[in-house]
Amino acid sequence: MEPTVNPDPALISALRRDLAAAGYRADAVRSLWGPVADTAVGHGLHGPALAALALRSDALAALARLLYLGVATDRAAVARALPMLGAQGLVDLGFARIDGDVVVPAVLVRPQDVAGPPDDAEWWIASDLDEAALGGPLPTGHVLGVGGASLTLAGLQLTTPARRVLDVGTGCGIQALRAHLALRTQPAPPTGASTDAETAIVATDVSPRALVFTRINALLNEVEGVDTRRGSLFEPVAGEQFDRVVSNPPFVITPRVAGVPEYEYRDAGYAGDDLVAAFVSEVGAVLAPGGTAQLLGNWEYRAGKDGLQRVREWVAASPVPLEAWVIERERLDPLAYAELWVRDGGTAPGTPGYAALVDAWLADFAAREVDAVGFGYLVLRRPASAVAALARYERVTHPLPDDRALGVHLGAALAAFDTLEQLDDAALAAARPIVADDVTEARHHLPGAEAPSVIELRQGGGLARTVEVDPALAALVGASDGELTVGQLSDAIAQLLEVDAAALRADLLPRVRELVFIGMLRLA
């Protein structure tokens, strides 16, 4: 699909001022139609929201109908809602066409709030009409708006300072906008120093239409320094290095057979999970020493082989040493995976072609002996030295309190890991631990038993972990208020439990390291 939208700065400036004047914000739109209708909109059902809007004739209602839901709207109402841009301005942007007395949208512009540090943000995001607005399957060149995966990755982005950020497979550009917040937190350069502001963020995509939408959304939200480049993976930035690489790549596993649509926003043309494998093995070349890459991805479980082990092999295949922290959040069997992505493309169960598409997916999986498909988060670092110390592959499949604000937690864990790497056992024993504010303890007793049979530490934030501990570690955590060292606490507990102090310390220290990494303890 060739670009038909127009990133005209003057027209976009007029649109931005009109949207702001109308109060076109996420909370305001949600209040227009209420929580039930808002949930229905999230499920692609516009009826309840349209019923609520039918009772209103103000600018906010007109914009919600036209630009949020993608429904044709009275031309006079649009003119009143967009006094600076006008209906013709929307046409000139390529966002709509005029059909008699109505304006027919060609593009959605939705307010999107993104919760989480360094500060909460809200943007207007332009994208192609969705499945509900189109009333059928998506075109293959569709540029997706903000979905659940986009919000997840935006929340995962580290909030630590970065000077140059690369967004691979930018789509509508939301990750580039989120990265802009990290750039804003970096220390000010010395007076007279070059900042390279014009290339602070590089956003790439194979879709020229996606790159146009990225430029539009940067202009619409007054974000400067976004350089858009066309190309696959790291081709557009060969020879360059970045402090941060983020990507919600088109990782969906799609059969490479006739009759199966290849959507640019989710399918890069690779077989199986080869795209994620290529990303992992090649990203080290564009990371500056100490730089970090974050992405979402799928990996296959083949012929009984563990999917996380496959990811570990991809990391090992990198010619540049990489540290890795990989968190599998979900695992689907082949049928569930096929049905998920067939529906995502707009082909519903019971409609023509649905069964044939599912069959194509299942045949593709069977050819590679795929038992399941994992989904999760990947954090990759190029170590400042030649030694890659962090290699953590785990499954965290329980619900999280807020997966849109994990960036701070991940950053703190990485910083804790780096600190712990500098501490031998003697130094750790001399450190003063403090229990995190969100940690609680649960004790489980058998009926009539005085001593607990299970003691658990529970984390209220972050990855909401539950860690089973023994009485010794529970006692250490309970007394961790920064007053005594780990060694002093261990020795006191050994005396209380009447066990060998040296043996208890050797047992506790590695477990204290784990609690510090996961954020249940910190070192004063």
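Note: hydrogens, waters and symmetry copies are ignored here, and every other heavy atom, side chains too, is used. Remember, predicted model here, so these are calculated numbers, not experimental data.
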Under the 3.5 angstrom rule, does the side chain of [X] hit a backbone N or O of [Y] as a donor-acceptor pair?
| X | Y | result |
| --- | --- | --- |
| Arg312 | Ala324 | no |
| Arg65 | Ala72 | yes |
| Asp205 | Gly171 | yes |
| Arg178 | Ala154 | yes |
| Asp243 | Ala162 | no |
| Asn298 | Val252 | no |
| Arg110 | Ile125 | no |
| Thr39 | Pro35 | yes |
| Arg244 | Leu158 | yes |
| Ser318 | Val315 | no |

Go through the structure and list residues passing ring pair (Phe, Tyr, Trp, His ring centres under 6.0 Å) with [X], not counting sequence neighbours.
| X | result |
| --- | --- |
| Trp123 | none |
| Phe517 | Trp325 |
| Phe279 | Phe234 |

Subject >> Cation-pi check, Arg329 onto Phe375 ring (under 6.0 Å, within 45° of axis) >> reply: no
**OP:** Kindly indicate, with the supporting measurements, whether the criterion side chain to side chain contact (heavy atoms under 4.5 Å, CB included) is fulfilled by Val326 and Tyr377.
**Re:** CA-CA 6 Å; Val326 181; Tyr377 318 146; over 6 Å; no
Can you check whether [X] reaches [Y] side chain to side chain, under 4.5 Å on heavy atoms?
| X | Y | answer |
| --- | --- | --- |
| Leu93 | Val107 | no |
| Val320 | Leu287 | no |
| Arg256 | Asp364 | no |
| Leu156 | Val379 | no |
| Val202 | Arg164 | yes |
| Leu90 | Leu66 | yes |
| Trp361 | Thr254 | yes |
| Ile253 | Arg368 | yes |

Hey, could you give me the [atom1]/[atom2] distance between [X] and [Y], rounded to the nearest 0.5 Å?
| X | Y | atom1 | atom2 | answer |
| --- | --- | --- | --- | --- |
| Tyr24 | Glu122 | OH | CD | 10.5 Å |
| Ser281 | Leu233 | OG | CG | 9.0 Å |
| Thr159 | Leu406 | OG1 | CG | 11.5 Å |
| Leu340 | Glu330 | CG | CD | 7.5 Å |
| Leu69 | Leu129 | CG | CG | 11.0 Å |
| Thr397 | Arg331 | OG1 | CZ | 9.0 Å |

**OP:** List the steps, then state whether side chain to side chain contact (heavy atoms under 4.5 Å, CB included) holds for Leu82 with Leu63.
**Re:** CA-CA 9 Å; Leu82 300 173; Leu63 293 174; 3.6 Å; yes
Mind listing the closest non-hydrogen atom pair of [X] and [Y] along with its distance?
| X | Y | answer |
| --- | --- | --- |
| Phe251 | Tyr337 | O-OH, 4.4 Å |
| Val260 | Ala360 | CG2-CB, 3.8 Å |
| Val103 | Ala96 | CG1-CB, 3.6 Å |
| Asn217 | Cys172 | ND2-O, 2.7 Å |
| Gln175 | Ser150 | NE2-O, 2.9 Å |
| Ala62 | Ala77 | CB-O, 4.1 Å |

If the condition is side-chain hydrogen bond (donor to acceptor under 3.5 Å, both in side chains), which residues does [X] pass it with, not counting sequence neighbours?
| X | answer |
| --- | --- |
| Trp299 | Glu328 |
| Tyr270 | none |
| Arg30 | Asp27, Asp113 |

Original post:
Tell me the salt bridge (Lys or Arg N to Asp or Glu O under 4.0 Å) pairs involving residues 273-283, sequence neighbours left out?
Top reply: Asp273-Arg302, Asp273-Arg310
**OP:** Not counting sequence neighbours, list each pair that qualifies as a salt bridge (Lys or Arg N to Asp or Glu O under 4.0 Å) and has a residue in residues 315-326.
**Re:** Glu323-Arg381
Subject >> Any residue meeting side-chain contact (heavy atoms from CB on, under 4.5 Å) with Ser127, in chain and number order, not counting sequence neighbours >> reply: Leu108
Original post:
Can Ile98 and Gln88 be said to form a side chain to side chain contact (heavy atoms under 4.5 Å, CB included), step by step?
Top reply: CA-CA 8 Å; Ile98 296 174; Gln88 185 57 48; 4.1 Å; yes
Original post:
For residues 72-86, which residue pairs qualify under side-chain hydrogen bond (donor to acceptor under 3.5 Å, both in side chains), counting only residues two or more places apart or in two chains?
Top reply: none
Subject >> Pair listing, ring pair (Phe, Tyr, Trp, His ring centres under 6.0 Å) test, anchored in residues 210-232, at least two apart >> reply: none
**OP:** Using salt bridge (Lys or Arg N to Asp or Glu O under 4.0 Å) as the criterion, list what pairs up with Asp99, not counting sequence neighbours.
**Re:** Arg97
Subject >> Distance-only polar pair, side chains of Asn221 and Trp124, donor-acceptor under 3.5 Å >> reply: no
Subject >> side chain to side chain contact (heavy atoms under 4.5 Å, CB included) between Leu295 and Leu380, intermediate numbers included >> reply: CA-CA 9 Å; Leu295 69 150; Leu380 308 169; 4.2 Å; yes
Original post:
For the side-chain contact (heavy atoms from CB on, under 4.5 Å) test, which of Val143, Val5, Leu134 pairs with Asp128?
Top reply: Val143
